[in-house]
Amino acid sequence: MSEQRFREQRRKEAAARIWLSYYNRVLYEKGVITERERNRMELKIHSWKMTLT
């Protein structure tokens, strides 16, 4: 994988994590999910890797 493609992939992963974390927080604040569910999802979000396209 070229350096440019690698950087683009990392940028997309970072953007996706930001949005996933945002929605996770909103669901918790609205009472849709519990604190435990929020924490478990946050761990999954931080360890998540996008598949190459």
Side-chain angles (χ1 to χ4, degrees):
M1 182 184 307
S2 72
E3 182 66 28
Q4 183 178 356
R5 187 169 163 99
F6 178 75
R7 282 190 301 235
E8 180 68 16
Q9 183 73 17
R10 294 292 303 251
R11 187 186 65 75
K12 287 180 180 180
E13 282 182 8
R17 280 193 186 98
I18 289 167
W19 280 109
L20 289 169
S21 292
Y22 167 77
Y23 286 121
N24 190 41
R25 187 178 72 240
V26 168
L27 289 172
Y28 173 69
E29 290 172 355
K30 299 221 179 243
V32 176
I33 61 175
T34 65
E35 182 177 7
R36 182 176 184 210
E37 290 169 319
R38 180 197 66 182
N39 293 341
R40 290 179 68 199
M41 186 58 69
E42 199 61 32
L43 289 172
K44 289 180 181 184
I45 290 168
H46 285 293
S47 65
W48 173 76
K49 295 268 189 218
M50 283 180 72
T51 57
L52 297 176
T53 56

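Under 4.0 Å is where a charged nitrogen must lie from a carboxylate oxygen, and between Glu37 and Arg40 no such pair does.
Here salt bridge (Lys or Arg N to Asp or Glu O under 4.0 Å) pairs that include residues 21-34, with residues two or more places apart or in two chains, are Arg25-Glu29.
Of the possible polar contacts, none joining the Arg38 side chain to the Ile33 backbone as a donor-acceptor pair under 3.5 Å is found.
Residues meeting the side-chain contact (heavy atoms from CB on, under 4.5 Å) test with Arg11, sequence neighbours left out: Glu8.
Linking Ile, Leu, Val, Met, Phe, Trp and Tyr residues whenever their side-chain heavy atoms come within less than 4.5 Å leaves Leu27 and Met41 in two separate clusters. Linking Ile, Leu, Val, Met, Phe, Trp and Tyr residues whenever their side-chain heavy atoms come within less than 4.5 Å places Val26 and Trp19 in a single cluster. Under the 4.5 Å side-chain heavy-atom criterion for Ile, Leu, Val, Met, Phe, Trp and Tyr, Val32 and Tyr28 are members of the same hydrophobic cluster.
Put simply, the side chain of Arg7 reaches to within 4.5 Å of the side chain of Glu3, judged on heavy atoms.
Between His46 and Arg17 the shortest heavy-atom distance is O-NE, 3.8 Å. Between Ile45 and Asn24 the shortest heavy-atom distance is CD1-CB, 4.1 Å.
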